[in-house]
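Taking it in order: structure first as structure tokens, then the write-up.
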Amino acid sequence: MGAAIVVPEPGAQRYRHAYPGGRMLDALLVNRGSRTLMVSFHGALNRKQFAIPRFERLRSLLKYRVNSLYFSDPSLHIDPSLELSWFTGWKGTDVPRDIATWIMLMAESLDSDRIVLTGSSGGGFAALMVGALIPDSVVIAYSPQVDIRLYEADGQYPHAAKRSYLRHVWPELVAGQDLERFDFTKKWNESIEERTSAVARYTTPRDTQVLFVSNTRDAHHHHVHLPALRDAFGNDRDRFQVMTYTGPEGHRPPGPEEFEQGLVRAARWTGFELPKSL
């Protein structure tokens, strides 16, 4: 995969890697000659509203004179009804490791010495998982899931996203089982925990620095996912910090203002360059 990457002159360039079965890893790079490479992952997509590939937070990141790289989840090509698959990849294909390889190759070609990964919700999970594979990286995760097994969506069907994920991405885990009656309280992801739990991944000490940006009115993520990841880091404030804000009730992506506040807070904490565009 890496050998096919050619970093362009300043400007934008699209990249694509085709996995078997028509599953495409799409990326968009914006080269602005910066020492900082910002990497963005999207969260859940309403497939009736958004086409794939989806490159998220482009407008917000273009406000800063940094290189930026946007990824679209190849698992969404599996089925047009699939809205969230957390960039985990599927049996035999470790998408986060492939993405981490792309990011490090691009950073080297761009002479970017700081890599910052960001995303909200499922995109925040992806940023956490990929960031753990990149030495000295920074992750800014906005109300992320930290273990897919723990995730419960707002509304009448809290397990719908996990049900669709298992049906389409990991069917071998639930072969012969009735997913409509599936017990999601059991530890169904034990055999793939390394791919589906940032808690498990960060229990092993890493030099990645993580800023968890939490909406205090998102009860599930603030009171379930935040403590679970904080416990994995222990009391290591050099590697893990929390920023809170009061947003809309329930699970919603951060608005542009909250998103940019997270970027600025992380830059001040970790020291990466974040100059405003002229």
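Computed from heavy atoms alone, side chains included, the values below leave out hydrogens, waters and symmetry copies.
A side-chain N or O of Ser277 and one of Arg32 form a donor-acceptor pair less than 3.5 Å apart. For the residue pair Tyr142 / Asn215, no side-chain donor-acceptor distance below 3.5 Å is found, with atom types taken as modelled. No hydrogens or angles considered: a donor-acceptor pair under 3.5 Å links the side chains of Ser68 and Tyr70. Using modelled atom types and a 3.5 Å distance limit, the side chains of Asp26 and Ser72 yield no donor-acceptor pair.
Side-chain atoms of Arg114 never come within 3.5 Å of backbone atoms of Met38 as a donor-acceptor pair (strictly under, hydrogens ignored). With hydrogens and angles ignored, the 3.5 Å screen pairs a side-chain donor or acceptor of Lys162 with a backbone N or O of Arg149.
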Enumerate, atom names and distances included, each donor-acceptor pair closer than 3.5 Å involving a side-chain atom of residues 117-124, sequence neighbours excluded.
from   : atom 1 : to     : atom 2 : distance (Å)
Thr118 : OG1    : Ile140 : O      : 3.1
Ser121 : OG     : Gln145 : NE2    : 3.0
Ser121 : OG     : His251 : NE2    : 2.7

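Relative ring orientation between Phe71 and Trp102 is described as tilted, the plane-to-plane angle lying within the 30° to 60° band.
With contacts defined as side-chain heavy-atom distances shorter than 4.5 Å, the pair Val39/Val116 does not qualify. In this structure the side chain of Phe182 never reaches within 4.5 angstrom of the side chain of Arg163, judged on heavy atoms.
The pair Arg206-Asp236 fails the salt-bridge criterion, with no side-chain N (NZ, NE, NH1 or NH2) lying under 4.0 Å from an Asp/Glu carboxylate O. We find that Glu249 and Arg217 are joined by a salt bridge, their nearest charged nitrogen and carboxylate oxygen being less than 4.0 Å apart.
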